[in-house]
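Encoded as structure tokens, the structure appears first; notes follow it.
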Amino acid sequence: MEQKIKEGVHREEAIQQAIRQMGDPILLGKQLHKVHKPKMEWGLIGIYNH
């Protein structure tokens with residue numbers, strides 16, 4: 001976005017271009033979920049249940 005603004009593109013259009021460049025939001029979300037999937041500490045659940 002910042003590069004597009006430096007090139008003279010209006011801010012709103014630069015935002016839209018940056019969003020389009022990221023790709024499909026559903027696919028992106030699935031890929032991010034795979035990489036940043038939270039790991040459950042199962043031992044902590046046992047502590048809370050007692």
Side-chain angles (χ1 to χ4, degrees):
M1 182 183 97
E2 291 175 10
Q3 182 62 38
K4 293 293 183 185
I5 292 172
K6 288 178 185 177
E7 293 172 3
V9 176
H10 290 297
R11 185 174 190 281
E12 293 302 316
E13 179 59 27
I15 291 170
Q16 292 302 315
Q17 288 181 16
I19 291 170
R20 282 193 301 272
Q21 190 174 12
M22 286 190 285
D24 179 19
I26 294 172
L27 178 60
L28 181 61
K30 288 179 181 179
Q31 292 172 338
L32 286 172
H33 181 69
K34 285 181 185 177
V35 174
H36 299 285
K37 193 173 186 178
K39 294 181 182 176
M40 179 59 72
E41 291 291 335
W42 293 106
L44 293 176
I45 291 176
I47 292 171
Y48 289 121
N49 287 333
H50 286 76

For this session: For A14 and K4, work out which heavy atoms get closest and say how close.
Result: CB-CB, 3.8 Å

Exercise. Would M22 end up clustered with L32 when hydrophobic side chains under 4.5 Å apart are linked, directly or stepwise?
Worked result: yes

Exercise. Counting only heavy atoms not in E7, do more than 12 sit closer than 6.0 Å to its CD atom?
Worked result: yes

Seminar exercise, completed: CD (Q16) and CZ (R11) are apart, to the nearest 0.5 Å, by 11.0 Å

Problem set entry | Over 12 foreign heavy atoms within 6.0 Å of CG, L27 | yes

For this session: Calculate, to the nearest 0.5 Å, the distance between atoms CD and CD1 belonging to E12 and I5 respectively.
Result: 9.0 Å

Exercise. To the nearest 0.5 Å, what is the distance between CG (L28) and NE2 (H33)?
Worked result: 13.5 Å

Problem set entry | E13 bridged to R20 by N-O distance under 4.0 Å | yes

